[in-house]
Amino acid sequence: MDPEDVTLVMPCYNTAGTLPAALNAVTRLDPQPSTILCVDDGSTDGTKSIIESYDGVRLVEHEENQGLGTTLNTALSRTETPLFAKVDADVVVPSDWLARILDAYAESGATLVQGRFIEQETTAADRWRSKYPSPRFEQHSRRNKALNGATILAGVDALRDIGGYDERYKRAFDDIDVMERLMEAGYDVYYAPSVRSTHIRTDTWREVLRTEWAYHNDPQYGGEPDDLSDVLHRLRDHCYESGRCVYLDVKHREYERLWISALRLPYMIAWDLDHVLFADDS
């Protein structure tokens with residue numbers, strides 16, 4: 001496959017803080033894809049103006065926010081090339097990213113290739129997320145293991161064959177879901193750790209813990225808690241993971257991170273309870 005076979009998609013919703021760096025990176029790729037397509041999902045923070053300032057970047061707009069799954073289906077419906085690449089708007093790729101992921105796609109024979117990212121560490125919360133990432137990227141390549149879709153390259157026909165992205169996923173897990181459905185349909189998914197990028201989002205301690213909680217609502221980890229019995233069932237895992245974080249921080253004298261690790265358990269429990277008791281009221 002050639003770079004001309006690729007449409008590179010960047011879904012955007014209120015991403016003005018990170019979008020310039022992400023777009024700078026994809027517009028400097030060598031080689032360049034056939035098309036760079038940004039779908040603005042009803043942003044209110046100037047995201048649209050940033051996209052319009054880049055020559056050669058195609059803009060598609062949603063008048064109102066519709067969610068990540070719908071945004072990616074909009075992009076898929078406008079893709080005219082055989083390959084669909086996605087780079088999140090808070091990720092910076094190196095100039096050889098497209099060449100590397102095309103090589104991995106060709107060598108693996110897979111339908112979808114996922115890369116890995118490293119964290120840009122600015123705050124204590126960023127350093128905590130880097131130490132205890134969700135997902136935990138592995139050092140070696142893996143076949144048919146869904147890890148993360150921050151950067152992917154996939155066959156368009158296969159994505160359309162499974163019905164595209166599930167539009168029930170508004171903010172996250174769209175990538176894990178589409179990989180799992182591809183595998184269920186008999187397609188291969190491949191993880192290529194040599195295809196690297198940098199995650200540049202900066203979080204507060206509460207945001208990074210909320211992301212951790214949301215990640216563990218992925219169906220592969222049992223899904224969201226539906227009742228109090230689910231809360232109790234998840235408590236063991238929360239205790240183990242939180243205890244592991246605290247132990248490692250103390251062992252390595254990482255006191256800057258320790259207080260976030262200590263807050264992990266009470267916040268995981270609180271958000272589980274809030275979801276079960278008050279989800280219908282939101």
Side-chain angles (χ1 to χ4, degrees), residues 1-13 15 19 22-41 48 51-52 54-62 66 68-89 91-117 146 148-167 169 174-179 181-183 185-192 194-197:
M1 291 291 185
D2 296 321
E4 293 79 11
D5 295 321
V6 179
T7 294
L8 189 152
V9 170
M10 187 171 289
C12 304
Y13 176 61
T15 54
L19 184 58
L23 278 176
N24 285 343
V26 298
T27 55
R28 294 170 183 167
L29 284 170
D30 185 16
Q32 278 281 297
S34 172
T35 303
I36 298 174
L37 173 64
C38 288
V39 182
D40 180 23
D41 190 26
K48 176 186 172 183
I51 298 169
E52 290 175 329
Y54 283 81
D55 293 334
V57 175
R58 182 182 171 195
L59 168 65
V60 176
E61 295 180 72
H62 289 168
Q66 298 181 44
L68 188 52
T70 302
T71 298
L72 289 168
N73 281 336
T74 295
L76 184 60
S77 71
R78 286 164 171 76
T79 297
E80 299 177 353
T81 56
L83 294 176
F84 176 98
K86 178 173 80 78
V87 174
D88 283 350
V91 169
V92 170
V93 295
S95 61
D96 64 348
W97 176 84
L98 183 56
R100 283 180 174 270
I101 202 166
L102 278 168
D103 285 346
Y105 186 87
E107 292 170 6
S108 68
T111 297
L112 182 148
V113 173
Q114 54 190 316
R116 67 173 297 179
F117 60 74
N148 183 272
T151 63
I152 66 164
L153 180 69
V156 169
D157 288 344
L159 291 176
R160 290 174 176 163
D161 182 45
I162 63 169
Y165 287 84
D166 190 332
E167 297 185 358
Y169 292 96
D174 56 286
D175 47 3
I176 300 296
D177 171 75
V178 84
M179 291 182 212
R181 287 190 290 116
L182 282 170
M183 289 185 285
Y187 295 103
D188 273 357
V189 169
Y190 185 74
Y191 164 62
S194 62
V195 180
R196 297 194 175 196
S197 57

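- Contacts of R116 classified as salt bridge (Lys or Arg N to Asp or Glu O under 4.0 Å), with partners at least two apart in sequence or in another chain: none.
- Judged by distance alone, the side chain of T79 and the main-chain N or O of T81 form no donor-acceptor pair under 3.5 Å.
- Residues D40 and V60 form no side-chain contact, since every pair of their non-hydrogen atoms from C-beta on lies 4.5 Å or further apart.
- Looking at E167 and L72, their side chains never come closer than 4.5 Å, going by heavy atoms from C-beta outward.
- Note that CZ of F84 and CZ of R160 are 9.5 Å apart. Values are rounded to the nearest 0.5 Å.
- In this structure, CD1 in I101 is found 8.0 Å from CD1 in I152, a value given to the nearest 0.5 Å.
- The salt bridge (Lys or Arg N to Asp or Glu O under 4.0 Å) test applied to R100 returns D96, not counting sequence neighbours.
- Scored by the side-chain hydrogen bond (donor to acceptor under 3.5 Å, both in side chains) test, R181 finds D177 as partners (sequence neighbours excluded).
- For S197, the side-chain hydrogen bond (donor to acceptor under 3.5 Å, both in side chains) test picks out no residue, with sequence neighbours left out.
- For the pair W97 and A85, the tightest heavy-atom approach, listed with the atom from each and the gap, is CH2-CB, 4.1 Å.
- Between V57 and L37, the closest side-chain pair of non-hydrogen atoms is not below 4.5 Å.
- Looking at V93 and T151, their side chains come closer than 4.5 Å, going by heavy atoms from C-beta outward.
- No side-chain N or O of N148 forms a donor-acceptor pair with one of Q114 less than 3.5 Å apart.
- The shortest heavy-atom contact between L159 and A154 is CD1-CB, 3.9 Å.
- Applying the side-chain hydrogen bond (donor to acceptor under 3.5 Å, both in side chains) definition to pairs two or more places apart or across chains, none involves residues 29-39.
- Atom OH of Y165 is separated from atom OG1 of T70 by 12.5 Å, given to the nearest 0.5 angstrom.
- Atoms CD1 and SG, from I51 and C38 in turn, are 4.5 Å apart once rounded to the nearest 0.5 Å.
- For T71, the side-chain hydrogen bond (donor to acceptor under 3.5 Å, both in side chains) partners two or more places apart in sequence, or in a different chain, are D41.
- For N24, the side-chain contact (heavy atoms from CB on, under 4.5 Å) criterion is met by R28, Y54, not counting sequence neighbours.
- Between the OG1 atom of T74 and the CD atom of Q66 there is a distance of 6.0 Å, given to the nearest 0.5 Å.
- Residues meeting the side-chain hydrogen bond (donor to acceptor under 3.5 Å, both in side chains) test with D157, sequence neighbours left out: none.
- Within the structure, the salt bridge (charged side-chain N to carboxylate O under 4.0 Å, His left out) test picks out the following pairs touching residues 71-88 (sequence neighbours left out): K86-D88.
- Take A185 and apply the side-chain contact (heavy atoms from CB on, under 4.5 Å) test, not counting sequence neighbours, and it matches I162, Y187.
- Expressed to the nearest 0.5 Å, how far CG of L59 lies from SG of C12 amounts to 8.5 Å.
- Residues that satisfy the salt bridge (Lys or Arg N to Asp or Glu O under 4.0 Å) test with E61, not counting sequence neighbours, are K48.
- Between D5 and D2, the closest side-chain pair of non-hydrogen atoms falls below 4.5 Å.
- Residues satisfying the side-chain contact (heavy atoms from CB on, under 4.5 Å) criterion with P33, sequence neighbours excluded, are V6, L8, L29, I36, L98.
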